[in-house]
S.K.: 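Handing you this structure, nothing more for now.
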Number of protein chains: 2
Amino acid sequence: MVSKYLAIYNEIMSKIENGRIECNTKLPSENDLMREYNVSRDTIRKALNLLEQNGYIQKIKGKGSFVLDINKFDFLVSGLTSFKELSEKIGVKSNTIVKELELIRPDKFLMNQLKVSKDDVIWKVVRVREIGDKKIILDKDFLNKKFVPLLTRDICENSIFEYIENDLGLKISFAKKEITVQQATEEDKNYLDLENYNVIVVVKNYIYLDDMSLFQYTESRHRPDRFKFVDFARRNC
Amino acid sequence: MVSKYLAIYNEIMSKIENGRIECNTKLPSENDLMREYNVSRDTIRKALNLLEQNGYIQKIKGKGSFVLDINKFDFLVSGLTSFKELSEKIGVKSNTIVKELELIRPDKFLMNQLKVSKDDVIWKVVRVREIGDKKIILDKDFLNKKFVPLLTRDICENSIFEYIENDLGLKISFAKKEITVQQATEEDKNYLDLENYNVIVVVKNYIYLDDMSLFQYTESRHRPDRFKFVDFARRNC
DNA sequence: TAGTGGTCTAGACCACGTG
DNA sequence: ACGTGGTCTAGACCACTAA
């Protein structure tokens with residue numbers, strides 16, 4: 001069961017994304033929307049607040065809610081979108097090659113990153129992402145077997161994310177992301193079409209479940225010229 | 001006048017930051033907090049939602065609200081924090097050198113970025129940021145004179161941000177940030193201590209006011225080994 | 001003055017987790 | 001059975017914008 005305010009959020013959001021509500025126009029007032037959807041004002045406000053947080057609209061006191069045009073062409077790499085969701089959204093031909101898929105014991109680095117002990121068993125997945133025939137991204141995922149008992153080549157070629165959320169029913173709630181630039185390693189050079197670049201953009205992802213348990217650590221290594229991170233931020237309070 | 005929920009948010013937030021509320025402990029329940037602060041449940045919930053959005057707590061249905069330890073040591077470069085706020089927060093000795101400060105007419109690139117016409121007048125500010133005696137960051141700011149009539153060397157050495165918010169009373173509401181990696185230019189090499197790096201991390205910032213007008217475009221060019229971007233993201237809905 | 005969004009309240013019912 | 005957070009309602013007052 002989807003809540004009312006989420007349903008309203010999704011409806012307005014897709015109208016904005018499809019252009020059925022034009023940019024820089026004014027949304028109906030909260031009172032109008034109340035009547036339109038037959039809900040209370042609070043429910044409308046929850047939906048509008050979500051739209052505002054995610055950069056779709058800007059509310060101005062005394063005036064109304066206005067549609068922004070920021071999300072239009074820039075795909076936001078921010079948030080928790082997966083590679084599959086992303087490449088589908090921007091409609092670019094892409095391909096995933098699974099290089100490694102195995103169960104390992106964590107070394108010191110991993111014990112620290114994943115906060116596990118040496119007796120835990122960890123899935124290690126190494127994948128190369130091809131975008132337009134070039135090997136651009138090297139993804140290294142580490143998942144605690146406690147949460148994900150089984151992983152197959154098929155799942156990894158499709159989307160680990162989808163498998164976890166849909167099939168396993170685990171709820172991902174938040175992530176911490178860290179972006180740095182490092183010297184390219186031999187592994188990077190072997191697996192990717194790095195051309196003459198000797199540095200690589202490293203995106204570290206720490207992914208947490210609903211119950212606050214850290215269950216996945218991911219390192220995404222991007223060829224620098226093909227990397228772009230877009231973020232939408234609101235000034236706090 | 002600060003709203004009640006913001007006051008409560010700030011109080012709990014600073015308790016968490018100071019460690020007066022320990023990590024991984026449970027906050028009082030919403031009902032307890034209602035009584036503690038003598039407000040309605042909705043007001044408490046607004047405060048807690050803000051804390052959750054900003055990564056301070058995680059709410060779990062049926063259990064309670066738990067304090068996260070993510071913000072502890074990582075300074076978040078995400079959001080809209082300015083260089084001055086940031087360097088004060090992490091307590092590193094830093095210095096700003098103003099290289100250029102002048103009024104210009106926009107060229108094609110700027111007209112596009114700032115969405116202004118060729119008759120507008122634009123402040124151009126170029127600053128070098130020293131961190132621990134090394135020139136690490138090159139900041140190029142472009143501000144529409146329509147919004148900021150006067151800029152001085154003093155203001156630029158201190159914080160343009162503070163001046164705009166405190167002295168001019170303009171309200172910054174949101175920003176779009178874009179991170180890419182580019183070849184270092186001659187200007188980068190001249191102004192910065194780049195050592196042997198020939199690439200540079202470029203952070204483009206589009207800053208908007210309360211009324212949705214784009215009033216500042218900023219390019220922050222970082223030496224790659226000293227760049228780190230940390231982001232906290234919640235899975236949408 | 002009328003309309004807008006921002007805040008706050010009091011009360012209701014639900015779904016989830018624990019004992 | 002109980003306490004927790006999640007949703008929804010109806011009504012109130014305020015501050016801001018516009019005509």
Side-chain angles (χ1 to χ4, degrees), chain A residues 1-12 24-53 56-68 169-171 173-174 208-213 234-237, chain B residues 1-12 24-53 56-68 169-171 173-174 208-213 234-237:
Chain A
M1 175 51 189
V2 185
S3 56
K4 290 190 189 177
Y5 78 90
L6 262 186
I8 296 172
Y9 164 77
N10 282 320
E11 185 171 331
I12 298 179
N24 301 315
T25 57
K26 197 159 85 87
L27 283 185
S29 75
E30 295 180 350
N31 283 311
D32 290 342
L33 290 170
M34 273 173 67
R35 284 183 281 274
E36 187 178 332
Y37 288 99
N38 263 307
V39 295
S40 72
R41 184 160 165 236
D42 213 50
T43 302
I44 293 294
R45 285 180 58 73
K46 272 191 200 156
L48 294 186
N49 282 338
L50 259 187
L51 288 166
E52 189 177 32
Q53 273 170 42
Y56 289 103
I57 64 171
Q58 173 72 18
K59 302 214 255 174
I60 304 180
K61 199 194 293 191
K63 290 176 114 176
S65 301
F66 297 86
V67 180
L68 298 175
L170 294 175
K171 272 196 213 140
S173 76
F174 61 93
Y208 294 79
L209 293 179
D210 232 12
D211 60 354
M212 297 165 56
S213 51
R234 287 198 172 271
R235 183 92 172 138
N236 261 343
C237 324
Chain B
M1 176 51 189
V2 186
S3 56
K4 290 190 189 178
Y5 78 89
L6 262 186
I8 296 172
Y9 165 77
N10 282 320
E11 185 172 329
I12 298 179
N24 302 315
T25 57
K26 196 160 85 89
L27 284 185
S29 75
E30 294 181 352
N31 283 312
D32 290 342
L33 289 170
M34 273 173 65
R35 285 184 281 273
E36 188 178 331
Y37 287 99
N38 263 308
V39 294
S40 73
R41 183 162 166 233
D42 214 49
T43 302
I44 293 294
R45 284 179 59 74
K46 272 192 200 154
L48 294 187
N49 282 339
L50 259 187
L51 288 167
E52 189 177 33
Q53 272 171 40
Y56 288 104
I57 65 170
Q58 173 71 18
K59 302 213 255 174
I60 304 180
K61 198 192 295 192
K63 290 176 111 175
S65 302
F66 297 86
V67 180
L68 298 176
L170 294 175
K171 271 195 213 140
S173 77
F174 60 92
Y208 294 79
L209 293 179
D210 233 13
D211 62 354
M212 298 166 54
S213 52
R234 287 197 171 273
R235 184 88 171 143
N236 262 343
C237 326

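For the numbers below, each heavy atom of this structure counts, side chains included, while hydrogens, waters and symmetry mates do not. Letters go in sequence order (proteins before strands), and every chain restarts at 1.
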S.K.: Check whether any side-chain N or O of B:Y5 sits under 4.0 Å from OP1 or OP2 of C:dT7, and answer yes or no.
M.R.: yes
S.K.: Tell me whether the side-chain N/O atoms of B:N31 come closer than 4.0 Å to OP1 or OP2 in D:dT4.
M.R.: yes
S.K.: Can you tell me which residue pairs pass the salt bridge (Lys or Arg N to Asp or Glu O under 4.0 Å) test with a partner in residues 56-68 of chain B, sequence neighbours excluded?
M.R.: B:E30-B:K59
S.K.: Name the closest nucleotide to the B:T43 side chain, picking from C:dT9, C:dG5, D:dG5.
M.R.: C:dT9
S.K.: Starting at the 5' end of nucleotides 10-16 of chain D, put B wherever the base has a protein heavy atom under 4.0 Å, S where only the sugar-phosphate does, and a dash everywhere else.
M.R.: --B---B
S.K.: Measure from CD on B:E30 to C1' on D:dC2 and round the result to the nearest Å.
M.R.: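 Nearest whole value for this atom pair: 16 Å.
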S.K.: Between C1' on D:dG5 and CG on B:L51, what's the gap in Å once rounded to a whole number?
M.R.: 15 Å
S.K.: Atom CG of B:D32 and atom P of D:dG3: how far apart are they, to the nearest Å?
M.R.: 11 Å
S.K.: Please check the phosphate of D:dT9 (OP1 and OP2 only) for any side-chain N or O of A:K4 closer than 4.0 Å.
M.R.: yes
S.K.: Round to a whole Å and report the spacing from CE of A:M34 to C1' of C:dT4.
M.R.: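 It works out to 13 Å between those atoms.
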S.K.: Which whole-number value in Å describes the distance from B:K59 NZ to C:dC16 P?
M.R.: 16 Å
S.K.: For B:D211, check salt bridge (Lys or Arg N to Asp or Glu O under 4.0 Å) against everything at least two apart and list the hits.
M.R.: none
S.K.: What residues, two or more places apart in sequence or in another chain, satisfy side chain to side chain donor-acceptor pair (under 3.5 Å) together with B:E11?
M.R.: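 Side chain to side chain donor-acceptor pair (under 3.5 Å) list for B:E11, sorted by chain: B:Y37.
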S.K.: Rounded to whole Å, please give me the gap between CG in B:N49 and P in D:dG5.
M.R.: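 Atom-to-atom, B:N49 to D:dG5, this comes out as 12 Å.
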S.K.: Give the rounded distance in Å between these two atoms: CZ of A:R45 and P of C:dT4.
M.R.: 13 Å
S.K.: Looking across every strand, which nucleic acid part, if any, lies under 4.0 Å from A:I60 by heavy atom: base, sugar-phosphate, or nothing?
M.R.: sugar-phosphate
S.K.: Can a donor-acceptor pair be found, under 3.5 Å and without considering hydrogens, that links the side chain of B:S65 to the backbone of B:Q58?
M.R.: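 Checked: no pair found.
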S.K.: Is A:R35 paired with A:D32 through a side-chain N to carboxylate O contact shorter than 4.0 Å?
M.R.: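 Salt bridge flag = yes for A:R35 with A:D32.
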S.K.: Can you measure B:L33 atom CG to D:dG3 atom C1' for me and round it to whole angstrom units?
M.R.: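 It works out to 14 Å between those atoms.
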S.K.: For B:S40, enumerate each residue passing the side chain to side chain donor-acceptor pair (under 3.5 Å) test, keeping only those at least two apart in sequence or located in another chain.
M.R.: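 Applying side chain to side chain donor-acceptor pair (under 3.5 Å) to B:S40 gives B:T43.
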S.K.: Could I get the full list of side chain to side chain contact (heavy atoms under 4.5 Å, CB included) partners for B:N38, not counting sequence neighbours?
M.R.: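 Partners of B:N38 by the side chain to side chain contact (heavy atoms under 4.5 Å, CB included) criterion come out as none, since no residue qualifies.
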S.K.: Between B:S3 and C:dG6, is there a side-chain N or O to OP1/OP2 distance below 4.0 Å?
M.R.: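 Checking B:S3 against C:dG6: no side-chain N or O falls below 4.0 Å of OP1 or OP2.
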